[in-house]
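Values below: every heavy atom of this structure, side chains too, minus hydrogens, waters and symmetry copies. Here is how names work: the chains are called A, B, and so on, in the same order as the sequence lines, proteins then strands, and each is numbered from 1.
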Amino acid sequence: MSDVAEQTDAPADGPRHAHREPRHFVRMVVIWLVACAIAMPLFYFLVGPHVPPGVMTSTAEENQFDFNILMVLAIPVLFGVWIYIGYSLITWRGSKAADPVGGELARGHMGVQTGWIGITTVFVLGLAIFGTYALITTNGAGGGEGPNPVWTPTSAHVLPVQVIGQQWKFTYRYPTFGGFESSDLVLPVDTTIAFHVTSLDVIHSFWAYQLSIKADANPQVDNVAFTTTNHTGSVTVRCSELCGLWHGAMFDYGRVVSKNQFEAWATATRIATAANTKLLPPFALTYTPDANGAAGGYYPDNVDPYSPSEVYGAKQPAS
Amino acid sequence: MSFGARLTTFLVMLAAAVALVVYVVITYLTPQSGVVDFTSAQPAGAPVNLSVQTVGSIGFGPHPTWVTYMVQNPGGQWLHDTTWEVPAHTRINLTIHQFDSGSPLRNQNWGRVQGVAGNVEILNGKPISFYDSNSGNGVGHTFAVPALGINVPLVGVNSNASNICSQAPCGSDSVSNTIKVSFVTPGPGEYSWQCFVPCGLGYLYGNGGPMSNSNYMGGFLDVVA
């Protein structure tokens, strides 16, 4: 492009002038470089720490980092378009001269074409590699990995928490605390959690915003998602799969608390709900609801209920 | 066809399409039930007495076989409205007359009394904190306000009783259970309530029909300042 910019614009039939066109491409590149050099670190260091979903968990922290990287990489592209348009509007704004279409300036340019293909290829492949790496190192990046997760945490102890979707509320079972079921999501800090997400009726989706966990809740499917809690705080849980009349009301608030507070809560809840827990089916990774509606309880599906989580070192309850 | 005629036809069809869209949107957004006001029947700050009943089949309207909640307005009249306006930060004394039969719960977690005073309900004069729906007449419905953590299981009546109510509103001549709880309303807001028993008999998983249409087994507590 720069060689194009260096051409003289002397008319063939007129007197030749010594006038040379400015090096427009170089100018644009310099402006672009300066703008990017300012904006990219500004965004990363000033805006980045506030980008959702925060840093409450390992997956949240990693996802925030990923979002920041994507945004920082998007800035040069965004600025490239803006600067090109702005420079063009200012430099080549409308004149009474003939429309400079066709001729040498409109011909293909091997350098530009090769550069475009090369840069975009490197960009896309780089992001694919980066995304895959992030997916692996964060054990699925907080997304549901299905019943047989490929990427599992290496922690010796993983707290399994079952998330049960039903129209229109999530409830939570704690298999390592006797399998009690609670309407409240309470988690200990500095702990690796394995969410086992399932549903008793239609498809829901468990989205714990600050935990950066999002996993579909499908009936008769154990969808596993991992994270490690790093900070205490409040968690907003929403259903993110349109699931019927009260879908909009299917939300609640969980909390990440200290380990001592969690132990106290779990122990107290276990005792308080003991009579009711006896009425629950033994803990299983999925349950089969009765399709007849008004007459049905729910039941384990009689497959080995613990196999997917045993390898993570969690103590399983005696059913 | 002349240009004028074509233009007129186009404009008429466009107007009809726009009117149809507006009608559908307004119909969808407009609550299907009225609002029953419980804010002005008693002095400010005084407890509100709220009486509702659950009926196995409403017996009238477009879906006479559907199960439903009914509410008694401050004037004593039973209405088929499920949006109830109540004052904020006020004790609500809720009496539920359960006229429907029950069954085992799909999720026994809903057999626990939660989110009300003492986590206890008074069932026919006796306090209980949970109910084993595999025993007795089972649980017919629940009254739950998820955002407030409230869940009240409503024990069913004997399905073999000869005087089961089949036409709302039901009266004392029909078999029923009476459940009483109380809770304090939070600050102003709109809080949805619903039944957690999939009681839409005849629909897949029981969650269609009256469970998936407002003004039957769900509604709103409109809490106002």
Side-chain angles (χ1 to χ4, degrees), chain A residues 162 164-174 179-185 198-204 219-220 236-239 242-254 269 272-282 287-299, chain B residues 56 67 100-115 119 128-135 138 140-141 144-151 153 156 190-214 216-220:
Chain A
Q162 184 171 52
I164 303 173
Q166 60 231 280
Q167 290 177 315
W168 288 270
K169 181 91 177 76
F170 288 111
T171 54
Y172 309 94
R173 287 194 78 173
Y174 292 78
F180 73 78
E181 185 168 347
S182 169
S183 298
D184 301 317
L185 175 64
T198 189
S199 168
L200 295 184
D201 39 51
V202 299
I203 298 173
H204 303 276
Q220 299 178 63
T236 308
V237 174
R238 289 189 180 280
C239 176
L242 192 58
C243 60
L245 181 66
W246 298 112
H247 163 71
M250 193 169 169
F251 67 90
D252 56 60
Y253 301 98
T269 307
T273 60
N276 191 255
T277 302
K278 289 179 185 170
L279 303 176
L280 299 175
Y287 305 97
T288 305
D290 184 332
N292 294 323
Y298 70 173
Y299 308 97
Chain B
V67 59
D100 201 5
S101 57
S103 62
L105 284 164
R106 175 171 295 167
N107 184 349
Q108 298 285 356
N109 184 55
W110 305 125
R112 273 201 302 138
V113 185
Q114 302 170 59
N119 288 331
I128 63 166
S129 58
F130 78 99
Y131 187 81
D132 178 1
S133 67
N134 295 317
S135 67
H141 306 286
V145 190
L148 306 183
I150 292 174
N151 180 65
E190 193 173 57
Y191 303 90
S192 67
W193 64 266
Q194 66 164 99
C195 170
F196 269 112
V197 176
C199 53
L201 197 59
Y203 292 88
L204 184 64
Y205 295 120
N207 277 320
M211 286 293 285
S212 288
N213 284 268
S214 60
Y216 286 89
M217 297 312 290
F220 291 98

Residue Y191(B) versus chain A: region with a heavy atom under 4.5 Å: neither
Nearest non-hydrogen partners of Q194(B) and Q167(A), listed with the distance: NE2-O, 3.5 Å
Distance in Å, W168(A) CH2 paired with S212(B) OG, rounded so as to fall on 0.5 Å steps: 4.0 Å
Reported NZ-to-CG distance for the pair K278(A) and D132(B), which is rounded to 0.5 angstrom: 11.0 Å
Check: F130(B) and T273(A) side chains under 4.5 Å, non-hydrogen atoms: no
Note, N207(B) side chain near V202(A) side chain (heavy atom, < 4.5 Å): no
Greatest number of heavy atom pairs closer than 4.5 Å to chain B - which of S183(A), A272(A), S182(A): S183(A)
Side chain, backbone, both or neither of W110(B) within contact of chain A (heavy atoms, under 4.5 Å): side chain
Separation of Q114(B) CD from N276(A) CG (nearest 0.5 Å): 8.0 Å
L280(A) and N107(B): CA distance, side-chain angles, deciding distance, side chain to side chain contact (heavy atoms under 4.5 Å, CB included) verdict: CA-CA 7 Å; L280(A) 299 175; N107(B) 184 349; 4.0 Å; yes
Between CG on residue L245(A) and OH on residue Y216(B), distance to nearest 0.5 Å: 12.5 Å
Option in P146(B), G111(B), G218(B) with maximal non-hydrogen atom pairs under 4.5 Å from chain A: G218(B)
